[in-house]
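Step one of this worksheet: look at the structure below.
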Amino acid sequence: VSNKTLLSMKVMSYFTGVQAEDMAKIMQLQQSITGLSKEQALGQQAEWIKEIRKEGVSANKVMGDMVQLEMTFAEVY
């Protein structure tokens with residue numbers, strides 16, 4: 001992960017409350033499924049977070065739930 005990506009994740013974490021660790025885990029999943037670059041995956045996450053917050057829902061909770069579902073899915077399959 002580049003310094004630019006790490007900085008972007010830290011800034012997003014600060015302003016949105018989403019844990020950088022959760023963003024990294026989701027980024028890995030996005031890359032494995034879609035073939036997006038790290039920067040593209042992070043950009044997509046930023047769009048998701050905007051939409052989530054626009055709906056008045058906690059982005060931290062939603063992204064955390066996504067990570068938990070990913071881990072559960074990985075354990076089952």
Any side-chain heavy atom of [X] sitting closer than 4.5 Å to one from [Y]?
X	Y	result
Lys4	Glu39	no
Ile26	Trp48	yes
Met66	Asp22	no

(message) Return the CE to CD distance between Met63 and Glu21, rounded to the nearest 0.5 Å.
(response) 13.0 Å
(message) As an exercise, state the distance from CD of Glu51 to NZ of Lys54, rounded to the nearest 0.5 Å.
(response)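 Taking CD in Glu51 and NZ in Lys54, the distance rounds to 4.5 Å.
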(request) Ignoring hydrogens and angles, tell me if any N or O in the side chain of Ser13 forms a donor-acceptor pair with the backbone of Val18 under 3.5 Å. (result) yes
(message) Has Gln40 got a side-chain atom pairing as donor or acceptor with Ser37's backbone, closer than 3.5 angstrom?
(response) yes
(request) Answer with yes or no whether the side chains of Ser2 and Thr5 bring together a donor and an acceptor at under 3.5 Å. (result) yes
(request) Check whether the side chains of Gln30 and Gln45 place a donor and an acceptor atom closer than 3.5 Å, and report yes or no. (result)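 A donor-acceptor contact under 3.5 Å links the two side chains.
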Please determine whether residues [X] and [Y] belong to a single hydrophobic cluster, defined as Ile, Leu, Val, Met, Phe, Trp and Tyr linked transitively by side-chain heavy-atom distances below 4.5 Å.
X	Y	answer
Leu29	Met9	no
Leu36	Met27	no
Met23	Tyr14	no
Val57	Met12	yes
Ile33	Val67	no

(message) Using every non-hydrogen atom in the two residues, find where Lys25 and Glu70 come nearest and quote the distance to one decimal.
(response) O-OE1, 3.6 Å
(request) Would you name the heavy atoms of Ser8 and Leu42 that are closest together and state the gap between them? (result)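 Taking every non-hydrogen atom into account, CB-CD2, 3.5 Å.
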